[in-house]
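Some notes on the structure that comes next.
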There are 2 protein chains.
Amino acid sequence: MPHDAPGGDVFVAIASPVRRALLDTLRQGPVPVRDLAAGFSISRPAVSQHLRVLRLADLVSESWVGREHQYRLNPGPLQDVRAWVTGYEQFWKDRLVGLRDLLDSGR
Amino acid sequence: MPHDAPGGDVFVAIASPVRRALLDTLRQGPVPVRDLAAGFSISRPAVSQHLRVLRLADLVSESWVGREHQYRLNPGPLQDVRAWVTGYEQFWKDRLVGLRDLLDSGR
DNA sequence: ACTATACGTAAGCAATACCTTACCTGTCAA
DNA sequence: TTGACAGGTAAGGTATTGCTTACGTATAGT
């Protein structure tokens, strides 16, 4: 069983543009919810709910600093995505080789 | 504007395990719908509907051989996914460097 | 011409996703 | 202690997804 064991599906988590944008923002370091929500037109509770999805997918972790909830990026589960996509690189290469062979044979 | 211009979102398309499995199957070459559907417990129309999503995301192309509809893998749009995920590799590397520095300084 | 095969699409339905408002707890500051 | 701030969660509505069955169209075989 891959990274997303607890219950969240990484592929589902990153399917939402909002959640991808949240992750992108978190690349600059831990950010409190207030600052995260500031970048979106949706309500703060909506952001909290997106963060929940990311948390269940283990893509972010939460820590408490006073009354602020800092969210921190945890890119680990993205390796599953990367691994899956990478499987298609070979397919591309094979196709390119096939094309080259075709061109060669037609020469 | 990325690969998925026509209307389909690649990230959404690959969020479904069924659709990922369909793509995986297509790596072995063009396959008619009948053979694709054989690998799943859902109905054939359901598979057709998943294929529609993949088609809108430009992840597959369709060709007609007699009464068979051959589906062919087009991994191009996956580059968008790959590109996005790759952005997080640097994050990982930075974190590892930071960890090494921390370990070094504590030595 | 008739029948079977291959497949898309429409209609209908249950489940889920996503948003909002309202409310709650916990923390800081005066 | 009282009020403001930070943020999770519940409730409820609407939109979308994902499936099924039923049906329509095109091709292949007899």
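Note on naming: letters A, B, ... go to the chains in the order of the sequence lines (proteins, then strands), and numbering restarts at 1 for each one.
- The residue A:Y71 sits close only to the backbone: its heavy atoms come under 4.0 Å of sugar-phosphate atoms, none of a base.
- Rounded to whole angstrom, the span from the CG atom of A:L56 across to the C1' atom of C:dA17 amounts to 14 Å.
- The 5' end of DNA chain C is approached more closely, in terms of each residue's nearest nucleotide, by A:R19 than by the other of A:G66 and A:R19.
- Candidate nucleotides D:dC19, C:dG8, D:dG7 were compared by shortest atom distance to the side chain of A:V33, and D:dG7 ranks first.
- In this structure, A:V65 and B:L51 both approach DNA chain C, and ranking their closest nucleotides by distance from the 5' end singles out B:L51.
- If you take CD of A:Q49 and C1' of C:dC23, they are 14 Å apart, rounded to a whole angstrom.
- Rounded to whole angstrom, the span from the CG atom of A:L54 across to the P atom of C:dC18 amounts to 11 Å.
- Other residues, nucleotides and ligands contribute at most 12 non-hydrogen atoms within 6.0 Å of the CZ atom of A:R52.
- Residue-level contact check: A:P45 touches the bases, meaning some heavy atom is under 4.0 Å from a base atom.
- Look at B:S43 and you won't find any side-chain N or O under 4.0 angstrom from OP1 or OP2 of D:dC19.
- Separating the CZ atom of A:F40 from the C1' atom of C:dC18 is a distance of 14 Å, rounded to the nearest angstrom.
- With D:dG18, D:dG8, D:dC19 as the choices, the nucleotide that has an atom nearest any side-chain atom of A:H69 turns out to be D:dG8.
- B:Q70 comes within 4.0 angstrom of no nucleic acid atom, judged by non-hydrogen atoms across all strands.
- With hydrogens and angles ignored, a donor-acceptor pair closer than 3.5 Å exists between the side chain of B:R44 and the base of C:dG8.
- Taking only side-chain atoms of A:R67, from C-beta outward, the nucleotide of C:dC7, D:dT20, C:dG26 with the closest atom is C:dG26.
- The CD1 atom of A:I42 sits 8 Å away from the C1' atom of C:dC19 (whole-angstrom rounding).
- Taken from CG in B:L36 to NE2 in B:H69, the straight-line distance is 12.5 Å, to the nearest 0.5 Å.
- Checking A:D24 against B:Y88 by side-chain atom types alone, a donor-acceptor pair falls below 3.5 Å.
- Within 6.0 Å of atom CZ in B:R72, 12 or fewer heavy atoms from other residues, nucleotides or ligands are found, so the atom counts as exposed in its surroundings.
- For A:S48, the listed nucleotide lying nearest its side chain is D:dG8; candidates were D:dC19, D:dG8, C:dC18.
- The environment of CZ in A:R82 is crowded: more than 12 heavy-atom neighbours from other residues, nucleotides or ligands sit within 6.0 Å.
- Side chain of B:R20 to main chain of A:W84: no donor-acceptor pair is present (N/O by atom type, distance under 3.5 Å, no hydrogens or angles).
- Spacing between atom CG of B:D9 and atom C1' of C:dA17 amounts to 15 Å, rounded to whole angstrom units.
- Straight-line distance from the CZ atom of A:R52 to the P atom of C:dA17: 11 Å, rounded to whole Å.
- Rounded to a whole Å, the CD atom of B:E62 is 13 Å from the C1' atom of D:dA26.
- Here the side chain of A:R34 is nearest to one of C:dA22, D:dA6, C:dT9, namely D:dA6.
- Using a 4.0 Å cut-off, some side-chain N or O of A:H50 falls inside it from OP1 or OP2 of C:dC19.
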